[in-house]
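Let me begin by presenting the structure, written as structure tokens, before commenting on it.
Throughout, residue positions are numbered sequentially from 1 according to the sequence presented.
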Amino acid sequence: MLNMKKVRRETNFWSVSSTIMVLLIVFPSINIFMNLFKGANENWDHIKEYLLKTSMINTIILVIGTALLTVVIGVTLAWIVTIYDFPFKKFFKWGLILPLAIPPYIAAYTYDGMLNYTGVIQSALRNSFNITVQQKYFDITSIKGAIFIFTMFLFPYVFTITKAFFAKQSSNLIESARVLGNSTWEIFFKVALPISRTAIAGGVTLVVLEVLNDYGVVKYFGVTTFSTAIFKTWFSLGDIDSAIRLSALLMMFVIVVLTGEKVLRGRKQFSYTSSKIKPLNPIKLKGVKGGAAFTYCFIIFSLGFIIPTAQLIHWFSLSYEKILTMKFLILIKNTVIVGIIASVLIIMIATIVANFSRISRGGLARICSRVITLGYSIPGSVISIGVISFFILIDNKMSWLYEMIDKGGGKLVLTTSLAMLIFAYIIRFLAVGFNTVEAGFEKVGKKYFEASRMLGMNVTQTFFKVDFKMIRPAILSGFLLVFIDILKELPLTLILRPFNFETLATKTFEYANDEMIHEAAIASIFIIIIGVIAVFLFYRTEKDEVR
């Protein structure tokens, strides 16, 4: 039997490292909430009267509208591709995930470019059919248009999670319901929906968090939300204190959303009564019914991927000679370098904390594993406020050292460096890397770890010589997923990037904001190509796990 004191000493490195990392991640959020107890300045009355109410109402409308529509589209599509067999079903099972490869802010300017007066649709109506229509019928730059964009490009969250849940259900449930005389759609409402409530709630929560995090869509469409109010307060009014107060209110909104998810999940739990789990046998659809299923899937797939991608490719062909220069290559280099650095650090931290939570079942390990996943639920604008105030505090404390090294030099050394942006990426996307690595540890189990310990290796030696080699696929998958998320991230990068530092995401937004739509297509295509590759790899991984 192993000496317990020796085990505790050997786990000190992992526990101390995990605790320090968690404290660094939590501090910016605590700093935000502490500002709620400070006295408000003279700008706060103006913000409450002209910004706060509108921001709150618009945010609630966006959240509710997008949540309802993504549930309807995502769940029905998941049911159709799971329970039925129809033409091109195999393609739609992974093709309907592809809209996730297109960031909503790219979709927003693409659809606006197609629908405005000089866009392809109105131009075709005027030139080919001599039809002139009022612009208001094609104006997508409104809160309704924002809901449409969010729905078409975020529904895969609900679709993917719910489809996986449906696919793993026992066929006995369906067969029993059929014996009782229920039709397929009666089974859907009476059996499938109740037992999939947890999966649907999880998917909708991800959608809502993405809506709350967004800045590009609402800014481009001129919709005032919490995100735009924070940017406006900070950059237009120059009032970081009021921006922090708005961030704290948005964090409270996020807490309400996460609490609502727990309520939606409820206390009901479902499990199999038999260890024999049979996959669903799809019902063959022919004729009109098969055509209807194909048409529904194709319309959603076209709106969410084919149409915007085709338009971007067309714009790419018109402007690539002017944009594809050495400056654009530097843009790609910036994006790749900062993405790789942040992704490597995230995976390193995630691996340390995941290993600590695995080898130690104490309260500290549970707290670390819970806290480390909270960053993904915090909107980027809120993280930005917390991180920049945190780094300003550090720079003020370190000013004596900066003065010793370089007299007369700047006092905001860290605040004007890439370190601040990378730190924010770590907070925002650490949950993605942690969940992937933790899943890898769970798949491997502890038997090899325990065998290595019995043979005399300590915890650190066991990790490098045994565990690391076995969870390498999970680490690589986590790295890829984190890198893709960083590639698409906009609010964090816009606020925290150093002066004259551009990425593909910020350049796309800059071109679109300056109405240089054709030029914005170049960077957008690069983002989408990498996103499509990641989605395909995700589908292949999911398919292998199901097998």
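- Between L504 and the options N334, V336, T493, L487, a side chain to side chain contact (heavy atoms under 4.5 Å, CB included) holds for only L487.
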Inset, instruction - Check the pair I486 / I346 against side-chain contact (heavy atoms from CB on, under 4.5 Å), numbers first and verdict last. - result: CA-CA 11 Å; I486 291 174; I346 287 170; 4.3 Å; yes
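- Not a single donor-acceptor pair under 3.5 Å links the side chain of T309 to the backbone N or O of I306.
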Result block: side-chain N/O donor-acceptor pairs under 3.5 angstrom for residues 519-534, not counting sequence neighbours:
{"from": "E519", "atom 1": "OE2", "to": "K322", "atom 2": "NZ", "distance (Å)": "2.8"}
{"from": "S524", "atom 1": "OG", "to": "Y109", "atom 2": "OH", "distance (Å)": "2.4"}
{"from": "S524", "atom 1": "OG", "to": "A520", "atom 2": "O", "distance (Å)": "2.8"}

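- E489 approaches G380 most closely through the heavy-atom pair OE2-CA, 4.5 Å.
- Nearest heavy atom pair, residue F138 against residue Q122, reads CB-NE2, 3.6 Å.
- Residues T66 and E210 have side chains not in contact (no heavy-atom distance under 4.5 Å, counting atoms from C-beta outward).
- Under a 3.5 Å cut-off, the side chain of N396 and the backbone N or O of I392 do form a donor-acceptor pair.
- Stacking of K507 on the aromatic ring of Y511 is recorded, both the 6.0 Å distance cut-off and the 45° axial limit being met.
- Screening Y111, F153, F155 for a ring pair (Phe, Tyr, Trp, His ring centres under 6.0 Å) with F148, the sole residue that qualifies is Y111.
- When every heavy atom of S247 is checked against every heavy atom of I385, the shortest pair comes out as OG-CG1, 3.3 Å.
- Between the CG atom in L393 and the CD1 atom in I388 there is a gap of 13.0 Å [rounded to 0.5 Å].
- Between the side chain of S417 and the backbone N or O of P498, no donor-acceptor pair lies under 3.5 Å.
- K163 approaches A78 most closely through the heavy-atom pair N-CB, 3.6 Å.
- Taking the side chain as every heavy atom from C-beta outward, F231 and I495 approach each other to under 4.5 Å.
- Between I102 and P308 the shortest side-chain heavy-atom distance falls below 4.5 Å.
- Remark: side-chain polar atoms of S317 are paired, donor with acceptor, to backbone N or O of H314 under 3.5 angstrom.
- T225 places no side-chain N or O within 3.5 Å of a backbone atom of N58 that could act as its donor or acceptor partner.
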Inset, instruction - Could you give me the CA-CA distance, side-chain angles and deciding distance for L246 and W44, then say whether side-chain contact (heavy atoms from CB on, under 4.5 Å) is met? - result: CA-CA 10 Å; L246 284 171; W44 185 245; 4.0 Å; yes
Inset, instruction - Report the C-alpha distance between T503 and L331 in whole Å, list the side-chain angles of each, state the deciding distance to 0.1 Å, and finish with yes or no for side-chain contact (heavy atoms from CB on, under 4.5 Å). - result: CA-CA 5 Å; T503 66; L331 196 67; 5.5 Å; no
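- Looking at heavy atoms from C-beta onward, L69 lies out of side-chain contact with M152 at the 4.5 angstrom threshold.
- The distance from atom CD1 of I97 to atom CZ of F159, rounded to the nearest 0.5 Å, is 6.0 Å.
- Separation of atoms CZ (F391) and OG1 (T416) is listed at 11.0 Å; rounding is to 0.5 Å.
- For the pair F221 and I140, the minimum side-chain heavy-atom distance is below 4.5 Å.
- The OH atom of Y105 lies 10.0 Å from the CZ atom of F509; values are rounded to the nearest 0.5 Å.
- Between the OG1 atom in T224 and the NZ atom in K219 there is a gap of 10.5 Å [rounded to 0.5 Å].
- When all heavy atoms of H518 and L318 are compared, the closest pair comes out as CE1-CD1, 3.7 Å.
- Judged purely by atom type and a 3.5 angstrom limit, T70 uses its side chain to pair as donor or acceptor with the backbone of A67.
- Formation of a donor-acceptor pair under 3.5 Å by the S343 side chain with backbone atoms of G339 is found in this model.
- Evaluation of the side-chain hydrogen bond (donor to acceptor under 3.5 Å, both in side chains) rule for T228 yields no partner, not counting sequence neighbours.
- Closest non-hydrogen pair, A424 versus L496, comes out as CB-CD1, 3.3 Å.
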Inset, instruction - Applying side-chain contact (heavy atoms from CB on, under 4.5 Å), run through L212 and F226 and close with a yes or a no. - result: CA-CA 8 Å; L212 293 176; F226 270 112; 5.9 Å; no
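- From I337, atom CD1 reaches atom CD1 of I330 across 10.5 Å, with rounding to the nearest 0.5 Å.
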